[in-house]
**Q** 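Would you mind keeping the following structure in view while I ask a few things?
Each chain gets a letter, A, B and so on, in the order the sequences are listed, and its residues count up from 1.
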Amino acid sequence: MATKASRSAARVMIAPSVLLLLGWMLIPLALTLYFSVLRYNLLMPGANPFVGVENYTYFLTDPAFTDAIINTLLLVGGVLTITVLGGIALAILLDQPMWGQGIVRILVIAPFFVMPTVSALVWKNMFMNPVNGLFAYLAKAIGMQPFDFFAAAPLASIIGIVSWQWLPFATLILLTAMQSLDSEQLEAAEMDGAGPLARFRHIMLPHMARAITVVILIQTIFLLSIFAEILVTTNGGPGTASTNLTFLVYAESLLRFDVGTGSAGGVVAIILANIVAIFLMRMIGKNLDT
Amino acid sequence: MGRIALHGVTKNFGDTEVIRPLDLEIEDGEFVVFVGPSGCGKSTLLRLIAGLEDVTAGRIEIDGTDATGVPPAKRGLAMVFQSYALYPHMSVRKNIAFPMRMAGIDKVEQNRRIDAAAAALNLTDYLDRRPGQLSGGQRQRVAIGRAIVREPAAFLFDEPLSNLDAALRVGMRMEISELHTRLKTTMVYVTHDQVEAMTMADKIVVLQDGVIEQVGSPLDLYREPRNLFVAGFIGSPKMNLMTGDEAVRRGATTFGIRPEHIIASPSEGLWQGTVGVSEHLGSDTFFHVHMKDHPAPITVRAGGEVSLHHGDTIYLTPDETRIHRFDVQGMRLT
C-alpha cells in the first residue's frame, strides 16, 4: 500500500463491501426510525399518519417500561455476578492438576453448546416444574412443599438458567488466563511470604483482570438481548415480573401488532445499549491499556 | 547467618531420579555456584533448598536447624528467578515492597529499606515505573532489590543472567559479585555458564545427572579436575583430551592438556599438525590444529599476533608439568 495508485485501487476494491455493510446497517435503522414516528398498527389497516414523538411518549410512560429496565439491569447484573465469580472459582479449580482433567474441562464447557431455547425448556420442564421437576421431587423427598420457581421467582429462575448457560464461557476465558500466569511469579510470591489468599488477591486476580473485563463486555452485549429463555419459560410474566427490554419490544410489536410503538421501543433500546457500551468501552480501555 | 547443609538429599520425579543421594555444606557468607549442563539437576537442587520442591529423602539444615519441612517463606531465603518473576501490575516500588508488606513491616521501615535498595541498585529514578517499562538489566536489578529488602539469610539465584545480552551479562556479573562483597551474605547461584562460575564463585559445585562431580574453589577445579567430566567442563576453551599412544606413553588411558599449556611454533615441536580454523581475538589467538592420528582438532592458545594461516604446518609442544592424566573410569591419576 505504498504508492498512490495502489492506495486508490485498494479504496475502490474495498468500496463494495463497505457499501454493502453500510446498507445492511443503515436501511433497517432508517426504517425503524421512520416507523417509530408513524401511527402504524397492523390491526388498524389504512393510513399510517405521522404522529411525531407520540409513540415514544407512550412507550416511555408505560409502567411496563420501568419494570423492563429494572428487569434488564437485574438480569444482566445478576448473571454477570454469578458467572464472573463462579468462573473465577472454576478456573482456579480446573487449573489444578488432577486426574481426568481433559474430560472434566469438556464437561464444564458443554452447557455453552446447548441452544438457549432447548436449555430453557429442559430447565423449565425437567428441573423447575413444580409437579414433575427434579427439584420438586427432591423437595417432596425430604418432606418439603415443592417450590414453584416460575410463579414465585420468575426473574431469579431465568437468571439461574442464563447463568448456567454462560458460566462455561466465563470459565473458559478465565481458565486460559490462569494458564498463562507465569508459575515463577506464584513461586516468587510464595517465597515472599504470601499465603494462598494473598497470592490470589495480589497475583492471580490482577493477572485475570483483563480477561474478566473481556468476559463482562462480551456477556453484557449478549445478556442485554436475552429473549428465547423468557419466551419459552415465563412469557414475560407473571404480569411484567420477567419482562426485559427486548421482550417488551417484542410484546409491543408482535403481540399487540403495534409496529410504531415497537419501533420506538427498538430505538430506545439502541440508545440504552449504546450508553452501556460507552461505559464498558471506557472500563475496557483503561484495563487494556496497561 | 546463612549456613546451609544438605544430608543425603534425593529427589525423584515419578520414576526418574533427578538428584541422587547428595551431601553438601555451604558456609556462612560463601558464594557457591552450582554449574553443570542443562538437565543436570542444578535448578532442582536450588528449588529444594528454597523449599519450592519437597525432598524425596534426606534433610536440609539452615543455620543448624532442620528446615526440611519448613515452608519456603519461613526459611529466610530470598530467590531471584530466571524470568525475574516481577509482578507486572505493580510499580517497581510496590514490587520491592511486596515481601515486606506480606511480613507486616511498618510503612516507615519499608520506605527506608526501599530507598536504600534503590540507591544501591541505581533504581531510584525508576521506582514509579512498571516492570514492563524497564530494560532487562533494570528488571534484573528490581528482582535483586526485592530479594535484598527481606534481609535474608541467603540469596538464591536461578540462572539470573541468562536472559541478558552478553555485554549486560558481564556488567551484572560484576554487580552481583560486588553486592556479595558488600553484604557478605551467603549466595547460592545456579548457572550453566562455566565462565560465570569461574569469575564469581568462592566455591563451585559441578553437577552432572544429579550427582556432584566435584566441589572446590575455581582454581582447584582448574588445576586438579577430579575426573574427565570436570576437566572438559571447566576452562574455556575446553581442555584437549587425547587417547591412544600419546596417553599410554604418559601412563594413562586419557590425558588432557589445556589450550593455554601448549606451546605453538611454526618450526619445531613435539607434534606436527596443520592449522584449521583460527580465531583472532586480539589479545589471544586460538588455533584449531588437525593432527594426523588424532580425530578431533586440538585447540591451542597462542599470542595475539602470531601469523599462521589455514593450512600452514604448526608444531605443538605440551607443557608436561601441566598435563592431566585419567584412568579407564575417567578418574584423575596422581
**Q** Tell me whether the NZ or CZ atom of Arg146(B) lies within the 45° cone about the ring axis of Tyr87(B) and under 6.0 Å from its centre.
**A** yes
**Q** Please determine if Glu30(B) and Arg3(B) form a salt bridge, counting it only when a charged side-chain N lies under 4.0 Å from a carboxylate O.
**A** no
**Q** Using a 4.5 angstrom heavy-atom cutoff, name the option from Gln82(B), Lys74(B), Met102(B) with the most pairs to chain A.
**A** Met102(B)
**Q** May I ask you to name which of Arg47(B), Met100(B), Met90(B) has the most heavy-atom pairs under 4.5 Å with chain A?
**A** Arg47(B)
**Q** Mind checking whether Asp106(B) and Glu109(B) have side chains closer than 4.5 Å, heavy atoms only?
**A** yes
**Q** State plainly whether the residues Glu159(B) and Lys42(B) are in salt-bridge range, i.e. N to O under 4.0 Å.
**A** yes
**Q** Find the one option among Gly195(A), Ala198(A), Ala189(A) whose heavy-atom pairs under 4.5 Å with chain B are most numerous.
**A** Ala189(A)
**Q** Please classify the contact between Arg101(B) and chain A as side chain, backbone, both or neither, with a heavy-atom cut-off of under 4.5 Å.
**A** side chain
**Q** Using a cut-off of under 4.5 Å for heavy-atom pairs, which of Ala147(B), Ala103(B), Pro88(B) has the most such pairs with chain A?
**A** Pro88(B)
**Q** Out of Ala78(B), Ala143(B), Gly132(B), Pro99(B), return the one with the most heavy atom pairs under 4.5 angstrom to chain A.
**A** Pro99(B)
**Q** So, are Glu17(B) and Lys11(B) salt-bridged, with charged N and O less than 4.0 Å apart?
**A** no
